[in-house]
2 protein chains.
Amino acid sequence: MARLDNLAKMAPRATGQQVYEDLHGQIVRGELTPGQALSETKVAEHYGLSRTPVREVFWRLGEDGFIRVIPQVGTFVAPINIPAVYDSQFVRETLECRAVADAARAATDPAIGVLRTLLADQTAAMKSRNFATFFALDEAMHRTLMTIAGRPFVWQVITGAKAQLDRVRFLSLGDEEWPSMIMDQHRGIVDCVAAHDPAGAVRIMTAHLRTAFAAIGRIATAHEDFFEGSGTHSDEPE
Amino acid sequence: MARLDNLAKMAPRATGQQVYEDLHGQIVRGELTPGQALSETKVAEHYGLSRTPVREVFWRLGEDGFIRVIPQVGTFVAPINIPAVYDSQFVRETLECRAVADAARAATDPAIGVLRTLLADQTAAMKSRNFATFFALDEAMHRTLMTIAGRPFVWQVITGAKAQLDRVRFLSLGDEEWPSMIMDQHRGIVDCVAAHDPAGAVRIMTAHLRTAFAAIGRIATAHEDFFEGSGTHSDEPE
DNA sequence: CTGAAGCAGCTTGTATCCAAGGATACAAGA
DNA sequence: TCTTGTATCCTTGGATACAAGCTGCTTCAG
C-alpha cells in the first residue's frame, strides 16, 4: 500500500519535460530574445537539476530550431530565419488545407460541437485580451480539425514545421484589428465544416493562414533584431 | 602548425552523429528488427564511447519513432505503426505534389541536367542490384526537386515525416518487377519537369508515391512481426 | 601608445558514479 | 506440483567530476 507516496517523481523524465515547455514557451512568446545566451549550468541551477536532463532539453530545442548550440562557446536563442518561415507556411498551408477538406466531408455532430465550444472559448479569451490562452485555443482548434480529418499524426509534423512560424505569429498578436478578423475566419471555417462544404473550408482556411503570414514583412521591420542577419548579438548577461 | 593531428576528433559531436547514422540505417534497412533490445551500455562499448553521447543518440532515435525507451526496463526497436505510415504518406504526397508542380514551372536547364544525371546513376545502381545506393539516389532526386521548387527547408520536414515510411519502402525493395516501374516513373517526372508541365508532373508523382505505398498491405503480411500489434517480442539476445 | 602573448574564466563535451525500479531465476513452503 | 517471496542482475535516470576549447581581459614588451 505504500505506493502512493512517490507520486511526485513517478514519471522519470517529467522534470525535463517541464523545463522544455518552459523554455519553449518563453522563446515563442519572445520573452527570451534571439542572441540571448543560455547556459546549461545556469538553467540547471535555476530548476534545481543537474546538467544531464537540461542537456537533453537543449538538444530538443536545438532540433526544433529554437536555439543554437555552439560547442565550447555557448548556447544562444536562435534568430527567426525568414526563408524557413516561408517554407513553414508552405507546409502548414498545404497540409491543413487538404486536411480541412477531408474534415468537412467527415465531420460528425459531436465533432462540430467540440469546434463550436472551442470557438466560444476563443471569443472569451480574446475579449479579456488573454493572448496566451487564445494562442493555445487556436492551436487546439487546428489540431481538432486534423483529428476530424482522420490524420492525428500529421499534427505533430505541423507542430515541428511551424515552430518558427509561431514566433512570428506571437509577435503579431496584440496588433491592430486582427483579433476580430481571426475570429471571423475561425467561425467561417467551422461553419463550412458543419455544412460539409470542403471547398468553402479550404478557401477560408487559406485566407486564414495567410492573414498572419501576410504581416511578416511589417513584423520583421518592427522587430528587426528578432530576425536573421540583423546584427545585435546581445551576449551580455543581465 | 600542429593543428592537423586532431582531425579525427575535430567536431565534438561527430562521434555521436556517426552512431546515430549507423543505428538509423540499420533500423531502416531492417537489420535491427522491431522488438529487439538495445542497451545504452552495449552500444557505448561497441563504439568505444561512454553512455552520455549514446543517450543523446537514443533520444533522437526515440523522437524519430525508431526506438522506444522504457525507463528502468530497456530500449527496444519500435514496430512500424501502420496508421502513422498512412499519415506519413499523406504528408509526403501532399507536399511533394505541390512542390513538383512549382519545380516544373521553375526548372532551369542546369537543374534539369542534375536530374538527368541522377536518373542515369539510378539506372546503374538498379542494374547492379545495389539497392542501398539506389535508395540514396532516389532520396537525392526527391530532395533536388524540392530545392528546384524553391523549398529547401521543406525537405527536412519530409525527412522527419517519412521516417516510418522509409522502413516500409526498404522492405518492398527487392521484390518483383518494381525497379522498372519506379525508374519509368522517375523518368516521367523528370520529363514533365523538363517540359514545364506541372499537371503531368503532379499526376506521375502521385502515382509514383502511391506505388510504394500500395504494397503496404502485402508487405505487412509478408513481414508481420515488423508491424505494430503482431505479438513477437524478441527480447532474447543472440 | 600599440600590439601581441598569456592567463583566467567561462562554455560545452565526455566519462564515471550512484540511485531507483523492473525482470527473472531460484529456493522455500504449502 | 504450484505458489510465493526473495535475491540478484539488468535497465535507464540523474548527478558529479574531469577534459578540451573559445573568449576576453590583463600584462608586458617594443
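Side-chain atoms are counted along with the backbone in the values below, which use heavy atoms only and exclude waters and symmetry mates. Order of the sequence lines sets the chain letters (A, B, ...), proteins ahead of strands, with each chain counted from 1.
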Residues in salt bridge (Lys or Arg N to Asp or Glu O under 4.0 Å) contact with B:E21, at least two apart in sequence or another chain:
none
For DNA chain C, which residues in residues 49-66 of chain B have a heavy atom at a distance below 4.0 Å?
B:L49, B:S50, B:R51, B:T52, B:P53
Please confirm whether the shortest side-chain N or O distance from A:T75 to OP1 or OP2 of C:dT12 is below 4.0 Å.
yes
I need the CD1-C1' distance between A:I70 and C:dC10, as an integer number of Å.
14 Å
A:Y47 OH to D:dG13 C1': how many Å, rounded?
19 Å
Residues in side chain to side chain donor-acceptor pair (under 3.5 Å) contact with A:Q156, at least two apart in sequence or another chain:
none
Residues which pass ring pair (Phe, Tyr, Trp, His ring centres under 6.0 Å) with B:Y20, listed by chain and number, not counting sequence neighbours
B:H24
Contacts of type side chain to side chain donor-acceptor pair (under 3.5 Å), residue B:W59, not counting sequence neighbours:
none
Test salt bridge (Lys or Arg N to Asp or Glu O under 4.0 Å) applied to B:R167 - qualifying residues, sequence neighbours left out
none
Using atom CD of B:Q72 as one end and atom P of C:dA20 as the other, report the distance to the nearest whole Å.
11 Å
Expressed as a whole number of angstroms, how long is the span from B:E40:CD to D:dT11:C1'?
8 Å
Expected output: side-chain B:Q122 to main-chain B:L137 donor-acceptor under 3.5 Å
yes
From NZ of A:K42 across to P of C:dG9 the rounded distance in Å is 15 Å
With the side chain counted from C-beta on, respond yes when A:F90 and B:L95 share a heavy-atom pair under 4.5 Å apart, and no when they do not.
yes
Pairwise salt bridge (Lys or Arg N to Asp or Glu O under 4.0 Å) hits with a residue in residues 151-165 of chain B, at least two apart
A:D87-B:R151, B:E139-B:K162, B:K162-B:D166
With A:R143 via salt bridge (Lys or Arg N to Asp or Glu O under 4.0 Å) - residues at least two apart
none
When you check the phosphate oxygens OP1 and OP2 of D:dG14, does a side-chain N or O of A:T15 lie under 4.0 Å from one of them?
yes
Within the sub-3.5 Å range, which N or O atoms of nucleotides 6-8 of chain D have a protein N or O partner, and how far apart are they?
none

Which whole-number value in Å describes the distance from A:F76 CZ to C:dC10 P?
15 Å
